[in-house]
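We name chains A, B, ... by the order of the sequence lines, and we start the count at 1 in each one. The analysis underlying the following values was restricted to heavy atoms, covering all of them including side chains, and did not include hydrogens, waters or symmetry mates.
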Amino acid sequence: MDENEFEPRYDHVKSEEKIYKLWEESGYFNPDICAENGVTAADAEPFSIILPPPNVTGELHMGHAAMLAVEDVMVRYHRMNGKRTLWVPGTDHAAIATQSKVEKKILKEEKKNRHDLGREEFLSRVNAFAQESHDTIVRQIKRLGASLDWSREAYTLDETRSRAVRTAFKEMYDRGLIERNFRVVNWDPKGQTVISDDEIVYEERKTKLYTFRYGKILSGPEKDKLFPVAISTTRPETKFGDVAVAIHPDDERYKKFAGKEYDVAFCGAALHIKIIADQSVEKDFGTGALGVTPAHSVIDGEIARRHGLPFKQIIDEYGKMTVGGETVYGKKTAEAREAVVALLRNANLIEKEEEISQNVATAERTGGIIEPLPKLQWFIMVNKPFAAKTGKRHSDAVPAKAEIRAFNEKDEERTLKELMRDAVESGKVKILPGRFEKIYFNWIDNLRDWCVSRQIWFGHRIPAWYKDIDDESLLTQTDLAKEQPEKFYVDIEPPEGDGWQQDPDTLDTWFSSGLWPFSVFNWPDETADLKNYFPNSVLETGYDILFFWIARMILMSTCLMGEVPFHKVYLHGLVRDAKGRKMSKSKGNGIDPLEMADKYGADATRLSLIIGAAPGNDIKLSEDRIRGYRNFSTKIWNIARFIMQNSEWRAENGEMKKNERHEIYLKEFEALKSEVTAHIENFEFHLGAEKMYRYIWHTFADKIIETEKENLKNGTEAEKAASYAILESLLLGSMKLLHPFMPFVTEAVWRKFRPEKILMAEKW
RNA sequence: GCGUGCAUAGCUCAGUGGUUAGAGCGCUCCGUUCACAUCGGAGAGGUCCCUGGUUCGAUUCCAGGUGCGCGCACCA
């Protein structure tokens with residue numbers, strides 16, 4: 001590029017590629033290099049953001065582009081403001097999401113499942129896919145101009161992060177915050193794994209509510225009489241697993257039955273039913289009596305636990321019946337339901353059938369209908385009080401690698417739930433827009449223990465080893481009384497000696513994501529980065545992962561670091577299509593950010609995601625908008641071109657001879673600068689960007705340039721020099737203020753006028 | 001059920017206790033020896049959802065209503 005020549009047309013793609021290279025070569029994405037070269041003071045205040053690591057499941061979408069645009073605005077602004085600014089890149093292995101993607105691919109292409117390949121071969125396939133996705137994603141992030149410090153790139157599944165995961169697991173286990181428990185969990189028959197409460201998506205469906213009686217009493221004084229209480233259910237097939245009928249303690253209708261036990265017939269099987277009183281029963285729902293199926297309902301499981309009732313599993317991992325006569329046994333639950341209803345109907349036991357709508361729990365990733373099953377799984381105990389400093393560790397024989405420093409000055413007994421609540425309630429974490437704090441508290445209040453084990457292969461293997469138990473019993477054991485802990489060895493490295501087997505399960509992907517704000521700085525090592533950049537200044541992400549991720553980071557950080565993970569959370573909206581639907585590949589309604597960047601430039605794509613998007617509000621994006629902002633970057637280019645064409649009037653001593661008119665321009669500009677600065681500081685990026693847009697186009701180009709144009713043509717030499725000087729000054733000033741929003745075109749223009757300097761590293 | 005967001009131009013959305021409420025796209029008319037046709041100029045287009053309150057003044061703040069959306073819980 002000839003420095004003084006402006007091509008009449010601005011070639012976005014060519015220019016943007018060149019400029020990103022220029023930035024990368026300057027090294028200024030790295031705060032250490034900024035400090036070495038005097039761009040920032042070595043002791044300047046730090047500003048740090050971690051990039052929410054994109055999943056290595058494929059490619060970036062518009063949501064990622066929005067996130068990158070907003071974060072890059074903050075990062076570039078603070079860097080120009082002289083802060084030691086660090087933005088750490090990385091990717092997330094995304095356990096279930098990635099594994100199921102590869103499984104689908106292999107099934108389609110080779111007609112094989114993961115078991116056909118074996119654990120090792122399958123994992124090498126997933127890793128290859130992950131690597132490929134990673135490379136694509138990194139290329140795409142760069143294409144959009146994100147000023148990330150690539151020398152610090154991390155991956156949730158790399159060795160450093162894996163060590164952090166094992167360390168965290170061990171520390172929490174030792175403090176009793178991680179337990180292996182037998183509970184009714186959310187089983188996804190399609191994905192063949194347990195999932196957490198947050199990975200459930202409820203779908204409203206119409207279904208039938210049946211009111212009926214089990215059948216005849218089989219023994220005792222009331223033999224051959226009908227069971228005295230009718231119950232209501234939407235899932236009659238599960239009633240083979242019933243062990244009790246629960247009623248409300250104050251229910252006059254049923255009080256008299258409380259404590260009685262019956263042997264009763266049900267569809268050819270025999271049930272032993274105890275009638276119990278429990279506060280959790282709604283008197284007004286159905287008959288007011290609830291058939292308790294401990295093994296196949298989370299709520300019933302809890303009731304059973306309270307009353308010491310047995311868990312009777314009658315549905316297997318594939319959602320098939322393991323009991324019943326020939327019309328039921330081995331059938332899927334939906335078919336079995338029909339069969340059971342038919343049997344009940346024939347026996348004239350059904351009293352009522354009514355249509356109701358209910359929320360069906362489905363798995364977020366696979367869409368499978370959740371089948372609650374009792375299983376032995378690892379849980380993070382959010383309601384269990386612990387004392388960070390003096391509290392007991394149950395493996396004190398093994399020295400702590402990283403001491404838990406939980407989030408309280410006094411060494412009080414606190415629960416993780418309380419720590420999570422305190423972090424936000426105390427104001428140590430501020431969530432923007434503020435309304436999300438309420439949503440956060442609401443979620444916290446309803447939080448149950450977090451099931452962290454998954455029966456999939458891709459992910460962090462649980463760092464627990466067993467001796468003298470075979471895998472089969474690990475998965476099927478249902479005996480509550482059996483003491484578990486003594487049989488485990490939980491540590492960061494495998495135990496010595498023979499005969500140890502590692503738990504076959506892996507961890508929920510959000511376990512490692514939860515550590516991200518400090519694991520990226522190589523925790524548990526006490527690194528300089530950890531000291532400088534943790535807690536992070538800001539965490540920026542979409543509001544859809546407030547619970548999945550933000551809450552988990554707060555949990556992990558307050559527990560393990562004794563500190564909040566970040567001071568501010570800024571939530572952006574979701575990017576939707578012109579009809580308001582969430583953009584997704586399967587719907588085919590997505591606008592590809594890279595395609596837009598190629599067509600209209602990364603600058604225009606970014607600006608379209610910032611202007612018109614109020615914090616936390618969804619963005620409806622259309623290609624027209626992006627095209628509109630492409631026109632803006634062309635406009636900027638032509639403004640600069642015009643000014644450059646008059647550069648013969650540049651005064652030799654560089655001094656600006658201002659007149660009254662020019663004073664007004666400068667005053668106006670100063671006002672603009674302080675407004676834009678305030679907007680960025682207040683996370684009102686859309687306002688800052690829009691003001692720059694209006695100023696550059698409708699004030700600077702339409703009014704100021706048009707006025708000075710006259711002077712440049714017909715003025716005296718001094719007038720021409722003055723006009724040129726003011727135009728150049730306002731142009732370069734504007735380029736600075738616009739740079740965080742449109743980094744490429746502003747840098748390109750800057751290079752024409754100040755080729756010896758890089759705009760990115762200029763003072764704000 | 002609890003909570004929460006939105007309602008502004010034809011469309012998609014910003015914004016504001018005070019003169020004339022803005023952007024992108026779309027629409028009408030005019031313009032190309034001009035930095036810019038990826039453009040410029042001019043213009044049409046608004047009951048700022050309804051009702052009430054606070055106020056000198058409300059599209060903006062408050063309450064209620066209507067419509068649409070979202071989160072959580074329940075879901076036998």
Side-chain angles (χ1 to χ4, degrees), chain A residues 6 8-10 12 197-198 202 204-205 207 209-212 230-236 238-239 242 245-247 280-282 284-293 297-300 303 356-361 433-447 543-544 546-547 573-574 576-580 582 599-601 604 607-608 610-614 616-646 684 686-687 689-691 693-694 697-698 701-702 705-706 709 712-713 727 731:
Chain A
F6 268 77
R9 288 198 176 199
Y10 178 60
H12 302 92
D197 296 342
D198 297 291
Y202 290 99
E204 195 170 297
R205 290 184 195 175
T207 190
L209 179 69
Y210 300 95
T211 299
F212 65 96
I231 57 166
S232 300
T233 183
T234 54
R235 299 194 61 190
T238 64
K239 299 290 106 182
D242 280 16
V245 165
I247 50 140
S280 68
V281 178
E282 289 267 349
D284 300 330
F285 189 96
T287 61
L290 160 68
V292 181
T293 324
S297 154
V298 175
I299 301 286
D300 292 9
I303 294 174
I356 62 164
S357 71
Q358 70 162 4
N359 286 326
V360 176
R435 65 186 143 96
F436 286 104
E437 291 193 353
K438 247 182 169 170
I439 297 175
Y440 176 83
F441 292 135
N442 183 255
W443 179 80
I444 297 270
D445 293 341
N446 289 305
L447 190 59
Y543 64 75
D544 54 333
L546 179 61
F547 310 140
L574 309 183
R576 297 174 183 277
D577 71 0
K579 285 179 186 149
K582 211 169 157 178
K599 228 162 146 182
Y600 305 113
L607 203 60
S608 72
I610 289 185
I611 292 187
N617 283 7
D618 292 351
I619 309 160
K620 274 184 207 162
L621 190 68
S622 65
E623 194 170 330
D624 282 343
R625 277 185 48 165
I626 304 172
R627 197 188 316 129
Y629 294 122
R630 186 273 317 271
N631 295 350
F632 180 49
S633 59
T634 306
K635 184 76 183 177
I636 292 169
W637 187 253
N638 282 305
I639 289 168
R641 196 165 149 236
F642 170 75
I643 295 172
M644 182 58 80
Q645 279 167 5
N646 289 286
E684 299 161 336
H686 59 306
L687 297 183
E690 197 180 337
K691 281 202 173 132
Y693 178 94
R694 295 186 62 172
W697 203 316
H698 300 297
D702 289 355
I705 291 183
E706 289 305 321
K709 200 184 256 176
L712 286 167
K713 250 187 220 159
L727 289 182
L731 172 71

Out of B/U38, B/C6, B/A23, whichever nucleotide has its closest atom nearest the side chain of A/N617: B/C6
From the set B/A35, B/A73, B/C25, return the single nucleotide nearest to any side-chain atom of A/N631. B/C25
Hey, is the side chain of A/H12 poking within less than 4.0 Å of OP1 or OP2 on B/U38, counting only N and O atoms? no
Complement of B/G1, any strand, by Watson-Crick or G-U distances under 3.5 angstrom: B/C72
Just verifying a value: how many Å separate A/R630 CZ and A/R625 CZ, rounded to the nearest 0.5 Å? 15.5 Å
Do we get A/K635 above A/Y693's six-membered ring, with its NZ or CZ under 6.0 Å from the centre and within 45° of the axis? no
Could you report the tightest heavy-atom contact between A/S280 and A/I303, atom names first, then the distance? OG-CD1, 3.6 Å
Tell me: CG of A/D445 to P of B/G1, nearest whole Å? 21 Å
Please report the distance, rounded to the nearest Å, between CD in A/E437 and P in B/G3. 18 Å
Could you let me know what B/C29 is paired to, Watson-Crick or G-U wobble, both distances under 3.5 Å, or none if it's on its own? B/G41
Round to a whole Å and report the spacing from CD of A/E204 to C1' of B/C70. 14 Å
Side chain of A/K635: nearest nucleotide among B/U38, B/A35, B/A23? B/A35
Specify the residue among A/R627 and A/R435 whose closest nucleotide of RNA chain B lies further upstream toward the 5′ end. A/R435
Output for pair (A/L447 CG, A/F547 CZ), nearest 0.5 Å, gives 10.0 Å
Could you state the atom-to-atom distance from NZ of A/K438 to P of B/C72 in whole Å? 17 Å
Roughly, in whole Å, what's the span from OH in A/Y600 to C1' in B/C25? 12 Å
Picking from B/U38, B/A73, B/A35, which would you name as closest to the side chain of A/Q645? B/A35
For B/C61, give its Watson-Crick or G-U wobble partner with both distances under 3.5 Å, or none. B/G53
Output the distance between atom CG (A/L607) and atom CZ (A/F632), rounded to the nearest 0.5 Å. 7.0 Å
Please tell me which of the listed nucleotides, B/C75, B/G24, B/C36, lies nearest to the side chain of A/Y693? B/G24
Identify which nucleotide among B/C75, B/G24, B/G22 has an atom closest to any side-chain atom of A/Y202, counting heavy atoms from C-beta outward. B/C75
Searching all strands shown, indicate the nucleotide that pairs with B/A7 (Watson-Crick or G-U wobble; both distances under 3.5 Å). B/U66
Given B/G24, B/G15, B/G40, the nucleotide with the shortest approach to the side chain of A/W697: B/G40
note: A/D702, atom CG; B/G40, atom P; distance rounded to Å ~ 7 Å
Record whether the side chain of A/E706 comes under 3.5 Å of the base of B/A35 through a donor-acceptor pair of N or O atoms. yes
Euclidean distance, A/D445 CG relative to A/Y440 OH, rounded to 0.5 Å: 10.5 Å
Using the side-chain heavy atoms of A/A614, tell me which of these nucleotides is nearest: B/A14, B/A73, B/A23. B/A14
Please name the nucleotide paired to B/G17 by Watson-Crick or G-U wobble geometry with both distances under 3.5 Å, or report none. none
I want to confirm an ordering. Mapping A/Y210 and A/T634 to their closest nucleotides on RNA chain B, which one lands closer to the 5' end? A/T634
Report the nucleotide, chosen from B/G15, B/G41, B/C25, that has the shortest atom-to-atom distance to any side-chain atom of A/D624. B/C25
Short side-chain N/O contact from A/N359 to OP1 or OP2 of B/C74, under 4.0 Å: no
Tell me which nucleotide among B/U4, B/A35, B/C72 gets nearest to the side chain of A/N442. B/C72
